[in-house]
Structure formats: C-alpha cells, structure tokens
Amino acid sequence: LHSNFDAAAHKDGGESIFDVQRRIAEKYSPYNMPLDDDRFLCAFSHIFAGGYAAGYYSYKWAEVMSADAFGAFEEVDGGLDNEEEVQRVGKLFRDTVLSLGGGIAPGEVFRMFRGRDPSPEALLRHNGLD
C-alpha cells in the first residue's frame, strides 16, 4: 500500500493525497477503507514512536555489515572475475562469519574476516551515494 501510494501521489493528476490514499486503499485494502477524517498520511510514527527506531537502526547496520562483507570479494585483485582470490575470500568468510556464528561477538567475528571494523563505504557505493 505505501509503495503504491508514494508513486501515485507524485503523479500530476489533480488529486489530493487523501484522494490518492482512498483510491489505493480501494484496490489493496477494500476491507479497511480510511475514514473521512483519517490523517494517517500526515502522522507517520512507525519509526519515531514505540521504540521501533532502534530496530530500524539494527536493520541498517546489518546492511552496512553485509555490503562491507561483499566488498571483501569486490576488492580482490582482478575483482570478482579472479576465481582463485574469490575462493580464498569465500573460505575466510566461511571460516569466520559462517562458522563462528553466535559463539563470538559479531564485531569480533567481522574484524577476524575483514581485519577492521565495519565501514559504511560499500553500502554507500552500492546505493550510488559514494
């Protein structure tokens, strides 16, 4: 519902955001139509209320670690086409991140794999923000 609303709300059709909300709701949640006085669109508290912000941060930090881990494969001499080096990094990944799992603190396991703390640089690069 939210992703469809975002795209539809930015089209120049002369509709108010509340008209768009009603039109999208008719298609995706006809059993739960917004009331005339509903202003949910103006009160997005999903992240900012109820303690969800910390959970959202943990998702983003997981993305940082994932992108940085993949960066180890991208950084081998010759890049991802160098099968021998990619296999070497893959074995190191297996022997650290996958094998040690929750037996050792995640930051320590990551440092064993990458030789340093996680960096957001790879995530920024993967999202075109470098």
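Heavy atoms only: backbone and side chains are in, while hydrogens, waters and symmetry mates are out.
Hydrophobic clustering (ILVMFWY, side-chain heavy atoms < 4.5 Å, transitive): V76 and M112 are in one cluster. V64 and F73 fall into different hydrophobic clusters, defined by Ile, Leu, Val, Met, Phe, Trp and Tyr side-chain heavy atoms under 4.5 Å apart, directly or through other members.
Across every non-hydrogen atom of A122 and A67, the tightest pair is CB-O, 3.4 Å. Shown here for L100 and V109, the closest heavy-atom pair between the two residues is CB-CG2, 4.1 Å.
Under 4.0 Å is where a charged nitrogen must lie from a carboxylate oxygen, and between R22 and D36 at least one such pair does. Here R111 does not pair with E108 in a salt bridge; the nearest charged N to carboxylate O distance is not below 4.0 Å. The pair D68-R116 meets the salt-bridge criterion, with a side-chain N (NZ, NE, NH1 or NH2) lying under 4.0 Å from an Asp/Glu carboxylate O.
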Side chains of residues 87-95: which donor-acceptor pairs under 3.5 Å do they make with residues two or more places apart or in other chains?
| unit_1 | atom_1 | unit_2 | atom_2 | d |
| --- | --- | --- | --- | --- |
| R88 | NE | E85 | OE1 | 2.9 |
| R88 | NH2 | E85 | OE1 | 2.9 |

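Once rounded to the nearest 0.5 Å, the distance linking CD of E63 with OG of S58 reads 10.5 Å. Annotation: the span from D38 atom CG to M33 atom CE amounts to 10.0 Å, rounded to 0.5 Å. One distance of note links CD1 of I104 with CZ of F110; it measures 15.0 Å at 0.5 Å rounding.
Here the side chain of D19 pairs a donor or acceptor atom with the backbone of S16 at under 3.5 angstrom. When atom types are taken as modelled, the side chain of D130 and the backbone of L124 share no donor-acceptor pair closer than 3.5 angstrom.
In summary, the side chains of E121 and H126 do not present any donor paired with an acceptor at a separation below 3.5 Å, with no hydrogens or angles considered.
Environment of CD in E26: crowded, with over 12 heavy atoms of neighbouring residues, nucleotides or ligands closer than 6.0 Å.
Taking the side chain as every heavy atom from C-beta outward, W61 and P118 approach each other to under 4.5 Å.
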- Task: Go through the steps to decide whether F70 and L80 satisfy the test side-chain contact (heavy atoms from CB on, under 4.5 Å), and finish with yes or no.
- Result: CA-CA 10 Å; F70 184 69; L80 296 172; 3.9 Å; yes
